Amino acid sequence: MDGETLHEVVARTAMGLPAVEETAPFGEGALVYKVVGKMFAMTAELRGVPIVNCKCAPPHGAALVRDHDEITPGWHMNKQHWITLAPGDGIDETLVEDLVANAYDLVVAGLPRAKRPIDPVRRTLPD
């Protein structure tokens, strides 16, 4: 997957989730995706290369870093809880969509029940 497509897939996937807002708190060129004010993904460029940071559960992140050359510990983030995706042949649209949705679910699960836009386990609206 090339860098432009990587950013497009992240934006499309993130904005398709409930209660997501796209912000630019770090200035032009870096877009941050938040749910109820909490960041779960970010698109940016690192030395001219498009990258994506996604929140990720530590064991899952470690496995992804081990198995994919394009995935590294989170750039400028807590390396235990974030991963960075870079363009390359080892990632595809389905993987990127899954990682963005997983990042969203992790953040939603950490929100107080009253603020959750969906039930993160059933992926349904809260009761």
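In this text, all values refer to a predicted model and were calculated from it rather than measured experimentally. The basis for the numbers below is simple: all heavy atoms, side chains too, and nothing from hydrogens, waters or symmetry mates.
Looking only at side-chain heavy atoms (C-beta outward), Ile91 and Leu6 come within less than 4.5 Å of each other. At a threshold of 4.5 Å between non-hydrogen side-chain atoms, the residues Met1 and Leu95 do not count as touching.
The shortest non-hydrogen separation linking Asp2 to Pro87 is C-CB, 3.9 Å. Considering all non-hydrogen atoms of both residues, Leu31 and Ala24 come closest at CD2-CB, 4.4 Å. Here the closest non-hydrogen pair linking Gly74 and Thr84 is CA-OG1, 3.3 Å. Scanning all heavy atoms of the two residues, the minimum distance from Ala101 to Leu17 falls at CA-CD1, 4.4 Å. The minimum heavy-atom distance between Cys56 and Asn102, with the atom names listed, is SG-ND2, 4.4 Å. Shortest non-hydrogen contact noted between Phe40 and Ala103 is O-CB, 3.3 Å.
Going from atom CD1 of Ile83 over to atom NE2 of His60 covers 7.0 Å, rounded to the nearest 0.5 Å. Atom CH2 of Trp82 sits about 4.0 Å away from atom CE of Met39, to the nearest 0.5 Å. A distance of 8.0 Å separates CG of Leu64 from CG of Leu85, quoted to the nearest 0.5 Å.
In this structure, Ile71 is not a member of the same hydrophobic cluster as Met77, with clusters built from ILVMFWY side-chain heavy atoms closer than 4.5 Å. When hydrophobic clusters are built by joining Ile, Leu, Val, Met, Phe, Trp and Tyr residues whose side-chain heavy atoms come closer than 4.5 Å, directly or via intermediates, Tyr104 is grouped together with Met15. In the hydrophobic clustering of this structure, Val96 does not group with Met42; members are Ile, Leu, Val, Met, Phe, Trp, Tyr whose side-chain heavy atoms approach within less than 4.5 Å, directly or through other members. A single hydrophobic cluster is seen to contain both Val100 and Val20, as judged by linkage of ILVMFWY side chains at heavy-atom distances under 4.5 Å, directly or through other members. The hydrophobic cluster containing Val10 does not contain Leu46, counting ILVMFWY residues as joined when their side-chain heavy atoms lie under 4.5 angstrom apart, directly or transitively.
Applying the side chain to side chain donor-acceptor pair (under 3.5 Å) test to pairs two or more places apart or on separate chains, those with a residue in residues 27-47 are Glu22-Tyr33. Residue pairs satisfying the side chain to side chain donor-acceptor pair (under 3.5 Å) criterion with at least one member in residues 62-76, sequence neighbours excluded, are absent.
With sequence neighbours excluded, no residue forms a side-chain hydrogen bond (donor to acceptor under 3.5 Å, both in side chains) with Thr13. For Ala62, there are no side chain to side chain contact (heavy atoms under 4.5 Å, CB included) partners two or more places apart in sequence or in a different chain. Annotation: side chain to side chain contact (heavy atoms under 4.5 Å, CB included) contacts of Val36 (sequence neighbours excluded): Leu111, Lys115, Pro117. Every side chain to side chain contact (heavy atoms under 4.5 Å, CB included) that Asp98 has, sequence neighbours left out, goes to Thr94. Partners of Glu93 under the salt bridge (Lys or Arg N to Asp or Glu O under 4.0 Å) rule, at least two apart in sequence or in another chain, are Arg12.
With His7 contributing its side chain and Ile51 its backbone, the two residues share a donor-acceptor pair below 3.5 Å.
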